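Structure first, commentary second.
From a predicted model like this one, the values you see are computed outputs, not experimental measurements. Per chain, numbering begins at 1; letters A, B, ... match sequence-line order.
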Amino acid sequence: MRMMPLEEADITPFQRRVYEAVLEIPHGFVTTYRWLGLAIGCRSPRAIGQALRRNPFAPEVPCHRIVASDLTIGGFAGKRQGPKIAKKRRLLAEEGVRFEDGRLADPNCLFTFGMETPAR
DNA sequence: TACAAGCAATAGT
DNA sequence: ACTATTGCTTGTA
């Protein structure tokens with residue numbers, strides 16, 4: 001598989017921002033659409049999901065490390081349920097991120113791009 | 001170029 | 001549980 005620089009890809013600037021941010025997620029960690037939005041200054045998580053859905057860089061860009069803000073597993077491959085989701089869960093399990101009943105077991109695995117944890 | 005519809009979500013009611 | 005909001009992509013005229 002070819003490693004194509006993001007610069008030469010046929011993508012929009014927004015998509016490039018999203019992928020760059022996703023690449024910063026360390027192995028064994030996950031982040032949420034919310035955090036991604038904060039990181040790249042986008043207040044519309046749906047746009048992020050759409051960008052990831054059209055991800056031409058799978059699996060070079062670990063789009064499986066994105067979960068929903070309430071720590072549910074979120075969606076994958078354009079769906080919110082089905083075999084794709086099971087695969088996403090398995091991929092995360094391989095990286096040491098454990099899920100329980102469709103929810104992230106250890107919130108400690110959340111990667112917040114060096115920002116402070118959300119004031120809840 | 002202009003407009004409408006859709007999306008792997010989230011917050012508020 | 002349901003609706004509103006939100007930024008961006010894509011398709012059609």
Side-chain angles (χ1 to χ4, degrees):
Chain A
M1 44 195 74
R2 270 189 305 102
M3 289 271 284
M4 199 185 324
L6 291 182
E7 319 240 324
E8 301 206 356
D10 190 24
I11 60 175
T12 68
F14 174 73
Q15 279 176 310
R16 184 187 159 179
R17 260 176 231 160
V18 172
Y19 303 145
E20 290 268 333
V22 171
L23 286 173
E24 286 190 24
I25 307 173
H27 180 277
F29 280 77
V30 297
T31 195
T32 69
Y33 297 95
R34 180 89 154 99
W35 278 113
L36 250 177
L38 292 174
I40 69 177
C42 174
R43 200 154 96 57
S44 180
R46 301 187 90 184
I48 298 175
Q50 194 174 83
L52 291 174
R53 179 192 181 215
R54 284 192 47 82
N55 176 17
F57 288 102
E60 189 186 329
V61 172
C63 36
H64 58 273
R65 294 188 190 147
I66 321 294
V67 299
S69 66
D70 62 343
L71 303 188
T72 54
I73 193 153
F76 196 61
K79 305 263 178 148
R80 295 168 48 118
Q81 290 190 24
K84 310 289 187 177
I85 297 300
K87 180 162 188 174
K88 173 178 180 180
R89 207 169 68 204
R90 201 192 88 224
L91 279 171
L92 289 173
E94 293 264 329
E95 300 190 353
V97 181
R98 301 179 314 176
F99 274 80
E100 183 171 319
D101 194 35
R103 277 200 110 163
L104 183 64
D106 286 330
N108 212 2
C109 297
L110 246 184
F111 177 64
T112 55
F113 293 91
M115 308 171 95
E116 297 195 359
T117 54
R120 290 281 210 142

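With values rounded to the nearest 0.5 angstrom, A:L38 atom CG is found 10.0 Å from A:R43 atom CZ. Remark: A:F99 CZ to A:L104 CG distance equals 5.0 Å, nearest 0.5 Å. From A:R65, atom CZ reaches atom CD of A:E24 across 12.0 Å, with rounding to the nearest 0.5 Å. Distance check: A:L52 CG to A:F57 CZ gives 12.5 Å after rounding to the nearest 0.5 Å. Here A:K79 contributes atom NZ and A:I85 contributes atom CD1; the two are 10.0 Å apart, rounded to the nearest 0.5 Å.
With rounding to whole Å, A:K79 atom NZ is found 15 Å from B:dG6 atom C1'. Put simply, CG on A:N55 is 15 Å from C1' on B:dC7, counting in whole angstrom units. Distance CZ (A:R34) to C1' (C:dT5): 13 Å, rounded to an integer number of Å. Here the P atom of nucleotide B:dT10 and the CG atom of A:D70 are 7 Å apart, to the nearest Å.
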Is there any protein nitrogen or oxygen under 3.5 Å from a nitrogen or oxygen in nucleotides 6-10 of chain C, and what are the pairs?
{"unit_1": "C:dG7", "atom_1": "O4'", "unit_2": "A:S44", "atom_2": "OG", "d": "3.3"}
{"unit_1": "C:dG7", "atom_1": "N2", "unit_2": "A:A47", "atom_2": "N", "d": "3.0"}
{"unit_1": "C:dG7", "atom_1": "N3", "unit_2": "A:S44", "atom_2": "OG", "d": "3.2"}
{"unit_1": "C:dC8", "atom_1": "O2", "unit_2": "A:Q50", "atom_2": "OE1", "d": "3.2"}
{"unit_1": "C:dT9", "atom_1": "OP1", "unit_2": "A:T12", "atom_2": "OG1", "d": "2.2"}
{"unit_1": "C:dT9", "atom_1": "O4'", "unit_2": "A:Q50", "atom_2": "OE1", "d": "2.9"}
{"unit_1": "C:dT10", "atom_1": "OP1", "unit_2": "A:R54", "atom_2": "NE", "d": "2.5"}
{"unit_1": "C:dT10", "atom_1": "OP1", "unit_2": "A:R54", "atom_2": "NH1", "d": "3.4"}
{"unit_1": "C:dT10", "atom_1": "OP1", "unit_2": "A:R54", "atom_2": "NH2", "d": "2.8"}

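Across all strands shown, A:G74 has no heavy atoms under 4.0 Å from either base or sugar-phosphate atoms.
Linking Ile, Leu, Val, Met, Phe, Trp and Tyr whenever their side-chain heavy atoms come within less than 4.5 Å puts A:I40 and A:I25 in one cluster.
In terms of phosphate contacts, A:S69 brings no side-chain nitrogen or oxygen within less than 4.0 Å of OP1 or OP2 of B:dA9.
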Nucleotide pairing, DNA chain B (Watson-Crick or G-U, distances under 3.5 Å), in dot-bracket with [ ] and | | |||||||.|||||
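For A:R103, the CZ atom is densely surrounded, since the number of other residues' heavy atoms within 6.0 Å is greater than 12.
Closest non-hydrogen pair, A:E116 versus A:W35, comes out as O-CH2, 2.9 Å.
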